[in-house]
Amino acid sequence: MEEKPKHFIDTIIQDDLKSGKHDTVITRFPPEPNGYLHIGHAKSICLNFGLAETYNGKCNLRFDDTNPIKEEAEYVKSIIEDVQWLGFEWNELLYASDYFQAMYDFAQDLIQKDKAYVCELTPDEIRATRGSLKEPGQNSPHRNRPVEESVDLFQRMKNGEFPNGSMTLRAKIDMLHPNLNMRDPIIYRILHASHHRTGTDWCVYPMYDWAHGLEDSIEKITHSLCTLEFEDHRPLYDWFLLALGVYKPQQIEFARLNVGYTLTSKRKLMELVEEGHVTGWDDPRMPTISGMRRRGFSPEAIRAFSDKVGLAKRDTVTDMALLEFCVRDDLNKSAARVMGVLNPLKVVITNYPEDQVEELEAINNPEDPEMGKRKISFSRELYVEQNDFMEDPPRKFFRLGPGREVRLRYAYFITCNDVIKDEDGNVVELHCTYDPETKGGSAPDGRRVKGTIHWVSAEHAIDATVRLVDRLFTVEDPLAQENDFHNYINPDSMVELKNCKVEPEVKSFKPETRFQFERLGYFTIDRWDSDTEDLVINRTVTLRDSWAKKNRK
RNA sequence: UGGGGAGUAGUCUAAGGGUAGGACAGCGGGUUUUGAUCCCGCCAGUUGGGGUUCGAAUCCCUACUCCCCAACCA
């Protein structure tokens, strides 16, 4: 608590604690269950739960379920799962719908105070009389109807006596107000719809501005954090709570997170799902929490990222590279290493005995000795990566080429003698010799090799399908382009490789195990599509590759 | 041309009158049985113009640029 504040909201909280305005911190994460949570929500979750954690306060998970037309129980379920997976515990699990009766009662109170009225204007008429950015609005003809009449009408709205759209309850504020939100905003609309929790109990549903402040107030939220677009709503938030004379939390706005080469808009993500550009909300390419999970991102990495992106009030696009850094940084420490060959090229060790098999020792994680060692089988026929061989390599290519010697990781030095091709001239096999003196990978004569490559024993390797997951879009900001964002969907965002050859060790990995294929990247076992018959592996992120980078230029 | 916000290296973010700092990215080097990790170094910034001040990213004026608001969405 004595710590230097991490950002402007942290500063406000520390000041409030110091001044005695509050003696505790109560925050909330208030998602609408109308879609899956994405990386932007992860930032908000980490912020709200993190602040509560830091100051020994509380954070509620509260579903802002005031619009039955868009909300579904499926989304509630996914959101609960996502928050838990990220590793946070809520103080209470709540729903705005828990407060429907209380909100209704407060609305009656507002009418009694002559600060709200039932309006019978149609949606078109309301729009027409709201004015515009530079034109003031006009009063509704029902604005000054007697309180009793509004009381009666509102009750009958609730009782379902009127059709959708025929009436609204509006706050009586100021149709001339320069802030459009203050021009007699609607606080209740008629909706004959079934709600995921309250069924058909209600025919009227509160609007966001009415509901949200009340939810915060009822829960005694100290700091109500939301994104910048609600800055214009703060005067209304305050007006309602002041008008009712109830506890008023402080709303504080921060800039939402944007990340390059992807989208953080629930609506647009839903389009990608519904139009079949991805396989679902949790497609490994999606920036949803469930998508990132399936791709192999760890909760720790996402939390570290949320911490590193910072918090301020300006619109920004965070570099995807930062997210990738956080993922690598965490997985480097935690993920076991194994070997896998994505594009296999057969290698025959011509001087290695036909039926011999040796068990060689390999380190599971050089960053963590606790993770131990394992045995890997070596034999006469192996697979190596196709791009670890070049027929006519440049000098700086530290891998296999005719006459070149390399080290097979944890095994032997081998030298390439013959290149076997098919009739089309494609390299299909290499004939190499090994140096029996170099077992384990070091030469007694002190001879050094420039390259070390990964391999698997042909006889022992198992097949796997590997999905190379890449950025979803071809441009950094798909919404800032001349054309619709659909034009920038990356056609190679997920390339599936069949018949990859991997260490048999991988078969023992449970779904969602995160591991490294040495020299390639971090991978995970797909939580849905993989089984013991058909191993399906997603590439989370590549390793940094300065060789590839050099060649790109 | 109504209202509300915001402008600091390529990106994100500190510094609130006193040496513009950190992270990511990039570049260079060292170690290395992963061209990974790790270590060292470098590059690079206050939107423009005035003013106040010994001293301004910070205070004042002004210009400019960008974002949000006209759902019975949240």
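In what follows, every heavy atom counts, from backbone to side chain, and hydrogens, waters and symmetry copies are set aside. All chains are named by letter (A, B, ...) in the order of the sequence lines, taking the proteins before the strands, and each is independently numbered beginning at 1.
In this structure B:rG7 sits in a base pair with B:rC64, meeting the Watson-Crick or G-U test at under 3.5 Å. Under the Watson-Crick or G-U wobble criterion, with both distances below 3.5 Å, B:rU1 has no partner in any strand shown. Across all strands shown, the partner of B:rC42 is B:rG26, judged by Watson-Crick or G-U wobble contacts whose two distances both fall under 3.5 Å. Under the Watson-Crick and G-U wobble criteria, each requiring two contacts below 3.5 Å, nucleotide B:rG35 is left unpaired.
Taking the six-membered ring for Trp, A:Phe240 and A:Phe106 have ring centres at least 6.0 Å apart. Here the two rings, on A:Tyr104 and A:Trp202, have centers that are under 6.0 Å apart.
Rounding to whole angstrom units, CE of residue A:Met207 and P of B:rC73 are separated by 5 Å. In this structure, A:Phe515 atom CZ and B:rU34 atom C1' are separated by 15 Å, rounded to whole Å. Between A:Glu367 atom CD and B:rU34 atom C1' there is a gap of 11 Å when expressed in whole angstrom units. A straight line from NE2 of A:His454 to P of B:rA36 spans 15 Å, rounded to a whole angstrom. Here B:rC67 presents its C1' atom at 14 Å from CD of A:Glu253, a figure rounded to the nearest Å.
Among the nucleotides B:rG2, B:rC72, B:rG35, the one closest to the side chain of A:Leu180 is B:rG2. Closest to the side chain of A:Asn332, from the set B:rA70, B:rU37, B:rC73, is B:rU37. In the set B:rA71, B:rC68, B:rA36, the nucleotide with an atom closest to the side chain of A:Arg127 is B:rA71. The side chain of A:Asp319 approaches B:rU11 more closely than any other nucleotide in the set B:rU11, B:rC38, B:rA74. Among the nucleotides B:rA74, B:rC72, B:rG5, the one closest to any side-chain atom of A:Glu231 is B:rG5. The side chain of A:Ile126 lies closest to B:rC72 when the candidates are B:rC69, B:rC72, B:rA25.
If you check every strand for non-hydrogen atoms under 4.0 Å, A:His177 touches nothing. Using a 4.0 Å heavy-atom distance criterion, A:Ser132 is classed as a base contact. Among the protein residues, A:Arg409 comes within range of the nucleic acid bases, having at least one heavy atom under 4.0 Å from a base atom. Across all strands, A:Arg234 comes closer than 4.0 Å to no nucleic acid atom at all (heavy-atom distances). The residue A:Met339 sits apart from the nucleic acid: no heavy atom pair falls under 4.0 Å. Heavy atoms of A:Val317 sit under 4.0 angstrom from primed sugar atoms or phosphate atoms, though from no base atom. Within the 4.0 angstrom heavy-atom criterion, no nucleotide atom of any strand lies near A:Pro31. Nucleic acid contact for A:Glu324: none, since no nucleic acid atom lies under 4.0 Å from a heavy atom of the residue. Across all strands shown, A:Asp232 has heavy atoms under 4.0 Å from base atoms, whether or not it also approaches the sugar-phosphate. Within the nucleic acid shown, A:Leu408 has no heavy atom closer than 4.0 Å to any nucleic acid atom. As judged by a 4.0 angstrom heavy-atom cut-off over every strand, A:Phe230 is placed among the base-contacting residues. Contacts of A:Thr66 with the nucleic acid, taken as non-hydrogen atoms under 4.0 Å apart, involve only primed sugar atoms and P, OP1 or OP2. Residue A:Phe397 is in base contact, counting any heavy-atom pair closer than 4.0 Å across all strands shown. Contact annotation for A:Pro185: no contact, since no heavy-atom pair falls under 4.0 Å across all strands.
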From CA spacing to verdict: salt bridge (charged side-chain N to carboxylate O under 4.0 Å, His left out), A:Lys70, A:Glu32: CA-CA 9 Å; A:Lys70 291 187 177 175; A:Glu32 183 188 13; 5.8 Å; no
Verdict with supporting geometry, A:Arg407 and A:Thr452, side-chain hydrogen bond (donor to acceptor under 3.5 Å, both in side chains): CA-CA 5 Å; A:Arg407 171 169 38 235; A:Thr452 300; 3.1 Å; yes
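Under the salt bridge (charged side-chain N to carboxylate O under 4.0 Å, His left out) rule, A:Glu361 has a single partner from A:Lys373, A:Arg409, A:Arg374, which is A:Lys373.
The side chain of A:Ser546 contributes an N or O atom lying less than 4.0 Å from OP1 or OP2 of B:rA36. Considering only side-chain N and O atoms, A:Arg399 lies nowhere under 4.0 angstrom from the phosphate OP1 or OP2 of B:rG35. Here A:Lys4 does not reach the OP1 or OP2 of B:rA15: none of its side-chain N or O atoms lies under 4.0 Å away.
Taking atom P on both B:rC27 and B:rC68, the two are 34 Å apart, rounded to the nearest angstrom. Distance check on atom C1': B:rC54 versus B:rU13 gives 31 Å, rounded to whole Å. Using atom C1' as the reference point in both B:rC24 and B:rC67, the two lie 24 Å apart (nearest Å). Comparing B:rC42 with B:rG51, their C1' atoms are spaced 38 Å from each other, to the whole Å. The separation of B:rA57 from B:rG48, taken at their C1' atoms, amounts to 14 Å, rounded to a whole angstrom.
Residue side chain A:Trp547 meets the stacking definition with respect to B:rG35: its ring centre sits within less than 5.5 angstrom of the base's six-membered ring centre, and the planes differ by less than 30 degrees.
Ring planes of A:Tyr434 and A:Phe378: tilted class, angle from 30 to 60°.
A cation-pi arrangement, defined by a distance under 6.0 Å to the six-membered ring centre and an angle within 45 degrees of its axis, is absent between A:Arg337 and A:Phe515.
A:His177 meets the ring-ring contact (aromatic ring centres under 6.0 Å, His included) test with no other residue; sequence neighbours excluded.
Where A:Tyr208 and A:Ala312 each meet RNA chain B at their nearest nucleotide, the meeting point lying more 5' is that of A:Ala312. For the pair A:Ser442 and A:Arg544, nearest-nucleotide mapping onto RNA chain B gives the more 5' position to A:Ser442.
The glycosidic torsion of B:rA71 lies within 90° of 0, placing the base in the syn range.
Contact check on A:Arg156 versus A:Glu161 returns a salt bridge, with a Lys/Arg side-chain nitrogen under 4.0 Å from an Asp/Glu carboxylate oxygen.
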